[in-house]
Amino acid sequence: VQLQASGGGLVHTGDSLRLSCAASGLTSDVDNIGWFRQAAGKARDFLVAISQDGDRTYYATSMKGRFTTSRDNAKNMLYLHLNSLKTEDTAVYYCAAGPLISTVDTAYDYWGRGTQVTVSS
């Protein structure tokens, strides 16, 4: 399984951004995707998880309403839409794959290289 997040960059407060995660090698045993982020000097935070068929999503309470996720299995792509960005959203954003849909990072076996999102005021 290989994952690669992309789409990060430097934006301003209130802007929107769409992150992508290209996934390859997913199997029926490893096909639930989680998005996490980690700000400098802080622990990794759960953002959202999505099931293989996209029918189930679980959002961190603090993210619900601003961030949305989707997936296109035909293209092996996952997406995280970030809206109304704040300076505190500055972090490296990661996608991860695992056998369970979970809010816990240790439940995910495969991680992609993250993409940096920097939000300036």
Side-chain angles (χ1 to χ4, degrees):
V1 176
Q2 291 187 324
L3 304 164
Q4 178 63 60
S6 62
L10 174 61
V11 296
H12 295 92
T13 53
D15 285 351
S16 297
L17 203 59
R18 188 185 77 166
L19 305 183
S20 300
C21 176
S24 62
L26 294 177
T27 68
S28 58
D29 293 330
V30 180
D31 54 17
N32 295 292
I33 300 296
W35 286 92
F36 295 79
R37 71 182 182 187
Q38 187 167 22
K42 295 188 177 181
R44 188 158 53 193
D45 290 330
F46 166 76
L47 300 176
V48 61
I50 184 168
S51 62
Q52 189 277 337
D53 55 10
D55 284 352
R56 291 176 293 150
T57 54
Y58 296 92
Y59 289 88
T61 302
S62 59
M63 305 303 162
K64 201 167 186 179
R66 283 201 306 129
F67 294 178
T68 59
T69 191
S70 61
R71 65 189 295 166
D72 184 339
N73 288 339
K75 297 180 179 179
N76 294 320
M77 294 294 295
L78 295 300
Y79 303 102
L80 181 64
H81 303 263
L82 314 176
N83 300 306
S84 303
L85 284 163
K86 307 174 182 179
T87 55
E88 51 263 43
D89 294 319
T90 295
V92 178
Y93 286 69
Y94 299 90
C95 54
L100 301 173
I101 184 168
S102 174
T103 63
V104 179
D105 57 359
T106 53
Y108 294 90
D109 299 320
Y110 301 92
W111 291 78
R113 295 179 65 179
T115 185
Q116 174 72 46
V117 173
T118 302
V119 185
S120 66
S121 58

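- Heavy atoms only, all atoms of each residue included: Ala5 and Tyr93 are closest at CB-O, 4.0 Å.
- Ring planes of Tyr94 and Trp111: perpendicular class, angle over 60° (limits at 30 and 60°).
- A pairwise comparison of heavy atoms in Pro99 and Ala107 identifies CD-O, 3.7 Å as the closest pair.
- The distance from the OG atom of Ser20 to the CZ atom of Arg71 is 13.5 Å, given to the nearest 0.5 Å.
- Smallest separation of non-hydrogen atoms from Gln116 and Thr118: NE2-OG1, 3.3 Å.
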Checking side chain to side chain contact (heavy atoms under 4.5 Å, CB included) for the pair Ile101/Gln52: CA distance, chi angles, key distance, verdict? CA-CA 9 Å; Ile101 184 168; Gln52 189 277 337; over 6 Å; no
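- Residue-environment remark: CD (Gln2) stays at or below the threshold of 12 foreign heavy atoms within 6.0 Å.
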Test side chain to side chain contact (heavy atoms under 4.5 Å, CB included) on Ser120 and Leu10; report intermediate values, then the result. CA-CA 7 Å; Ser120 66; Leu10 174 61; 4.2 Å; yes
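- Considering Thr57, Leu47, Ile33 as possible partners of Thr69, the one that fulfils the side-chain contact (heavy atoms from CB on, under 4.5 Å) test is Thr57.
- Nearest heavy-atom pair, Asp53 versus Ser51, reported as atom, atom and distance to 0.1 Å: OD1-OG, 2.8 Å.
- Listed for the Tyr108 side chain is no donor-acceptor partner under 3.5 Å among the backbone atoms of Asn32.
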Derivation and outcome, side chain to side chain contact (heavy atoms under 4.5 Å, CB included), residues Tyr79 and Asp72: CA-CA 8 Å; Tyr79 303 102; Asp72 184 339; 4.2 Å; yes
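- Between the OG1 atom of Thr68 and the NE2 atom of His81 there is a distance of 5.0 Å, given to the nearest 0.5 Å.
- Counting heavy atoms from C-beta on, the side chains of Ser84 and Lys86 never come closer than 4.5 Å.
- Atom-to-atom distance recorded for Ile50:CD1 and Tyr58:OH is 11.5 Å, nearest 0.5 angstrom.
- Note on Tyr59: it does not cluster hydrophobically with Phe46, by side-chain heavy-atom contacts below 4.5 Å among ILVMFWY residues.
- The minimum heavy-atom distance between Leu3 and Ala23, with the atom names listed, is CD2-CB, 3.5 Å.
- Residues Phe67 and Trp35 place their aromatic rings such that the two centres sit no closer than 6.0 Å.
- For the atom pair Arg18 CZ and Ser6 OG, the distance stands at 8.5 Å (nearest 0.5 Å).
- With hydrophobic clusters built from ILVMFWY side chains whose heavy atoms lie under 4.5 angstrom apart, Leu17 shares a cluster with Leu78.
- Rounding to the nearest 0.5 Å gives a distance of 14.0 Å between OG1 of Thr115 and CZ of Arg37.
- If you take SG on Cys95 and CD on Gln4, they are separated by 7.5 Å, rounding to the nearest 0.5 Å.
- Between the side chain of Asn83 and the backbone N or O of Arg66 there is at least one donor-acceptor pair closer than 3.5 Å.
- One hydrophobic cluster, built from ILVMFWY side chains closer than 4.5 Å, cannot hold both Val92 and Leu19; they sit in different ones.
- When hydrophobic clusters are built by joining Ile, Leu, Val, Met, Phe, Trp and Tyr residues whose side-chain heavy atoms come closer than 4.5 Å, directly or via intermediates, Phe36 is not grouped with Met63.
- If you chain together hydrophobic residues whose side chains sit under 4.5 Å apart, Val117 and Leu80 fall into the same group.
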